[in-house]
Participant: 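One structure is given below, represented as structure tokens, and several questions about it will come after.
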2 protein chains.
Amino acid sequence: METTMLETERAAQILKLLGDKTRLTMIALVNEQDCCVCEFVEILQMSQPAISQHLRKLRDAGLVKEQRRGQWIFYSINKAFEGYSMIKEILKHVPNGAHHFEALEKAGLRIRCN
Amino acid sequence: METTMLETERAAQILKLLGDKTRLTMIALVNEQDCCVCEFVEILQMSQPAISQHLRKLRDAGLVKEQRRGQWIFYSINKAFEGYSMIKEILKHVPNGAHHFEALEKAGLRIRCN
DNA sequence: TGCATATATAAGTATATACTTATATAATGA
DNA sequence: TCATTATATAAGTATATACTTATATATGCA
């Protein structure tokens, strides 16, 4: 696994984005699988505009990508992002996002679209 | 090297502290060697109170330790900090602090005290 | 076409943050 | 003891941040 070096200022920008519980959880989630906005809302128990605003920050900075599938917009982690290797390391120290999806599945709230 | 897991909220707190160029540079510096306040001031070209206030945040959170040596107070990285293993990984992606000390040395501004 | 659902954006607001200047505290050395 | 140096703290301020509520946009479906 390669280690991409970042300028200090660039690294600080990325760390600042991750330095918020909501966004850090979001990244842990998309690191597991693609996730649509309404799923974020359900998992994080926050208002839809609040979720959208966090996602915009992550997308604008390039950490995540968005893709429309029908009426839903799915977010995924951007593996081409220059900070991706640092993010992956950070995520090794943070609880995995998978259990959130399992809980959603149990509650029947997981979106399935093709 | 061990990987200490953190709660998401705790990890976010730490990342937020590192999500500032000044503090991230400070951590990169103390990861190399102990550093006193006037050296931080010289290297970072910021006012002494601004430096002290950043150091207080890092110390209060446990990322760094302080130790008085005569008239100087030296700061060092706290290897016993629960987030230390994550920080070490992050620093692999960030420019090393060593060149700053070399520049100080050249300028004759490095403090030597025992 | 028209309504419902999913998402984004805009505007407003309370709080947090990173500085500034002024001052306090602590150690050194004449 | 007094002046100097190193550092911390306090108070003030401008800006950034993370929400809120209201509204706009886009898709799907009857």
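Computed from heavy atoms alone, side chains included, the values below leave out hydrogens, waters and symmetry copies. In what follows, chains are A, B, ... by sequence order, proteins preceding strands, each numbered from 1.
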Participant: Note down the inter-axis angle between the two ends of the helix from C:dT1-D:dA30 to C:dA30-D:dT1, five pairs each, to the nearest 10°.
Facilitator: 10°
Participant: Using atom types as modelled, flag every donor-acceptor pair under 3.5 Å from a side chain in residues 17-29 of chain B to any protein atom, sequence neighbours excluded.
Facilitator:
residue: B:Asp20; atom: OD1; partner: B:Thr22; partner atom: N; Å: 3.0
residue: B:Asp20; atom: OD1; partner: B:Arg23; partner atom: N; Å: 3.1
residue: B:Arg23; atom: NE; partner: B:Leu17; partner atom: O; Å: 2.7
residue: B:Arg23; atom: NH1; partner: B:His54; partner atom: ND1; Å: 3.1
residue: B:Thr25; atom: OG1; partner: B:Lys21; partner atom: O; Å: 2.8

Participant: Calculate the interatomic distance between B:Phe74 atom CZ and D:dA6 atom C1'; express it in whole Å.
Facilitator: 11 Å
Participant: Using whole Å, report how far CG of A:Leu18 lies from P of D:dA18.
Facilitator: 12 Å
Participant: Determine, for nucleotides 19-30 of chain C in 5'-to-3' order, which nucleotides have protein heavy atoms under 4.0 Å from the base (write B), from only the sugar-phosphate (write S), or from neither (write -).
Facilitator: BBBB----SS--
Participant: Show me the pairs that pass salt bridge (charged side-chain N to carboxylate O under 4.0 Å, His left out) and involve residues 86-101 of chain B, at least two apart or across chains.
Facilitator: B:Glu89-B:Lys92
Participant: Rounded to the nearest Å, what distance is computed from the CG atom of residue A:Leu17 to the C1' atom of nucleotide D:dA16?
Facilitator: 13 Å
Participant: Over how many whole Å does the gap from A:Ile73 atom CD1 to C:dT7 atom C1' extend?
Facilitator: 5 Å
Participant: Between B:Leu58 and B:Tyr75, is any pair of side-chain heavy atoms under 4.5 Å apart?
Facilitator: no
Participant: Within this structure, what is the CG-to-C1' distance between B:Leu55 and D:dT9, rounded to whole angstrom?
Facilitator: 14 Å
Participant: Name all pairs fulfilling the salt bridge (charged side-chain N to carboxylate O under 4.0 Å, His left out) condition that reach into residues 41-57 of chain A, sequence neighbours left out, sorted by first residue then second.
Facilitator: none
Participant: What pairs with B:Glu7 under salt bridge (charged side-chain N to carboxylate O under 4.0 Å, His left out), at least two apart in sequence or on another chain?
Facilitator: none
Participant: With heavy atoms under 4.0 Å as the rule, sort B:Lys21 into base, sugar-phosphate or nothing.
Facilitator: nothing
Participant: Of all residues at least two apart in sequence or in a different chain, which pass the side-chain contact (heavy atoms from CB on, under 4.5 Å) check with B:Gln67?
Facilitator: B:Arg69
Participant: When we call it a touch if two heavy atoms are under 4.0 Å apart, what does B:Lys16 touch: a base, just sugar-phosphate, or nothing?
Facilitator: sugar-phosphate
Participant: Can you sort out the partners of B:Ser52 under side-chain hydrogen bond (donor to acceptor under 3.5 Å, both in side chains), two or more places apart, ordered by chain and number?
Facilitator: B:Gln48
Participant: List in chain and number order the residues that pass side-chain contact (heavy atoms from CB on, under 4.5 Å) with A:Lys79, two or more places apart in sequence or in another chain; answer none if no residue qualifies.
Facilitator: A:Ile77, A:Tyr84
Participant: Select base, sugar-phosphate, or nothing to describe what B:Tyr75 touches, counting heavy atoms under 4.0 Å on all strands.
Facilitator: sugar-phosphate
Participant: Check the distance between D:dA18's P and B:Glu9's CD and give it to me in whole angstrom.
Facilitator: 14 Å
Participant: Given atom CD of A:Gln67 and atom P of C:dA6, what is their separation to the nearest angstrom?
Facilitator: 18 Å
Participant: Heavy atoms, side chains only, cut-off 4.5 Å: are A:Phe74 and A:Glu39 in contact?
Facilitator: yes
Participant: Whole angstroms only, please: what is the CD-P distance between A:Gln13 and D:dT17?
Facilitator: 11 Å
